[in-house]
Protein chains: 2
Amino acid sequence: MSKAEVYAQVLEQATALFDGQRNWVHITNPLFYSNFSNAAALLWHAYHSLPAPSSAVNWSGFYFTDPSNPRQLILGPFQGQVACQAIAFGRGVCGAAAETKVTQLVEDVDKFPGHIACDGASKSEVVVPIVKDGKTVAIIDVDCAELNGFNDEDQVALEELARLLAESCDF
Amino acid sequence: MSKAEVYAQVLEQATALFDGQRNWVHITNPLFYSNFSNAAALLWHAYHSLPAPSSAVNWSGFYFTDPSNPRQLILGPFQGQVACQAIAFGRGVCGAAAETKVTQLVEDVDKFPGHIACDGASKSEVVVPIVKDGKTVAIIDVDCAELNGFNDEDQVALEELARLLAESCDF
């Protein structure tokens with residue numbers, strides 16, 4: 001399958017996964033997290049069904065804005081190596097996306113000011129903010145062990161996933 | 001490294017990971033989940049550093065007892081394929097461990113009555129209940145794509161991890 005087909009499948013599966021679960025609020029119901037646990041798995045296996053560089057994705061998952069500190073991201077469900085549990089808004093690639101509400105498509109993470117190297121194997125990264133009512137409520141974070149792991153096609157599809165997540169989950 | 005060494009490392013890393021985080025309650029603070037997201041990653045990479053059958057582990061993660069329904073397990077963080085979001089106590093291998101509070105070491109899942117096949121590739125499974133104040137608060141679930149993927153050594157180490165999780169996290 002092509003990248004476009006794989007992403008279309010991810011969006012279709014994610015839509016089905018979240019159907020009827022929009023009223024589950026994460027503060028009171030862990031099923032909110034189940035959605036994201038499965039979404040991280042969908043992304044991981046989608047990348048690994050594609051040729052390089054997508055197959056070299058080594059981390060896919062989510063950070064949530066901390067309800068008790070709106071300037072901090074908190075590690076959510078993911079697939080990949082153990083990761084930082086808290087990231088301040090503005091810090092590294094994830095913090096930049098959260099702060100600016102703009103997707104960060106980074107060809108070479110070592111050239112990104114303040115990059116946080118949770119896993120030294122990561123060479124490139126894409127981080128898409130999930131924005132609701134003008135606020136960053138979460139981010140989608142995907143790392144790749146190759147340089148230039150992501151392009152416009154990844155950005156467009158992940159931004160669509162971010163919109164789906166913003167619409168289908170009550171943050 | 002041997003299985004014993006790898007498990008010792010997992011326990012040491014998990015202890016460090018959870019240090020000082022015991023008062024984070026999952027209902028009000030998502031950092032509770034961060035612990036389990038990273039613990040699922042620790043387990044996954046531990047198995048994949050070992051020879052077969054451990055290297056054939058195809059799912060490692062957690063289910064939590066649903067605070068709003070104490071007879072239901074809810075999908076938590078994991079590594080592996082997309083999984084069932086809710087499992088009733090008593091249903092399948094996970095439900096049996098939750099119901100009986102006894103580890104289920106299953107050499108061949110197809111012979112286990114009522115086995116839930118989230119991933120057809122899974123051939124064997126070990127499920128360890130995390131018990132606090134006499135109640136199952138969560139389970140550790142690990143699947144393997146080979147028959148007889150787990151033995152007493154896995155059971156002993158995972159039961160130690162379950163005790164650590166019960167002690168270091170306020171469910």
Side-chain angles (χ1 to χ4, degrees), chain A residues 9-10 13-14 16-21 24-46 48-49 58-69 72-87 118-119 121 137-138 141 171, chain B residues 9-10 13-14 16-21 24-46 48-49 58-69 72-87 118-119 121 137-138 141 171:
Chain A
Q9 200 175 65
V10 165
Q13 289 173 310
L17 213 53
F18 303 159
D19 186 41
Q21 300 192 23
W24 287 334
V25 178
H26 67 306
I27 300 292
T28 53
N29 197 321
L31 277 166
F32 179 89
Y33 287 94
S34 302
N35 282 339
F36 289 89
S37 293
N38 273 335
L42 284 178
L43 280 176
W44 178 269
H45 297 287
H48 287 257
S49 75
N58 64 334
W59 204 94
S60 67
F62 299 93
Y63 280 84
F64 299 108
T65 300
D66 185 348
S68 64
N69 176 0
Q72 180 167 268
L73 294 168
I74 297 290
L75 180 63
F78 68 88
Q79 308 245 337
Q81 297 282 354
V82 169
C84 307
Q85 289 193 282
I87 298 174
C118 275
D119 182 350
V137 290
D141 181 16
F171 284 86
Chain B
Q9 200 174 64
V10 165
Q13 290 173 310
L17 213 53
F18 303 158
D19 186 42
Q21 302 191 22
W24 288 333
V25 178
H26 68 305
I27 300 292
T28 54
N29 197 320
L31 277 166
F32 179 88
Y33 287 95
S34 301
N35 282 340
F36 289 89
S37 293
N38 273 335
L42 284 178
L43 280 176
W44 178 270
H45 297 286
H48 287 256
S49 75
N58 63 334
W59 205 94
S60 68
F62 300 93
Y63 279 85
F64 300 108
T65 301
D66 185 348
S68 64
N69 177 0
Q72 180 167 268
L73 294 168
I74 296 291
L75 179 63
F78 67 89
Q79 307 242 341
Q81 297 282 354
V82 170
C84 307
Q85 289 193 282
I87 297 173
C118 274
D119 182 350
V137 289
D141 181 16
F171 284 87

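We use all heavy atoms of the structure for the numbers below, so side chains are in, but hydrogens, waters and symmetry mates are not.
- Among the candidates A:A41, A:G80, A:G76, the residue making the largest number of heavy-atom pairs closer than 4.5 Å to chain B is A:G80.
- Here the side chain of B:N38 pairs a donor or acceptor atom with the backbone of A:A83 at under 3.5 angstrom.
- Judged by distance alone, the side chain of B:S37 and the main-chain N or O of A:F78 form no donor-acceptor pair under 3.5 Å.
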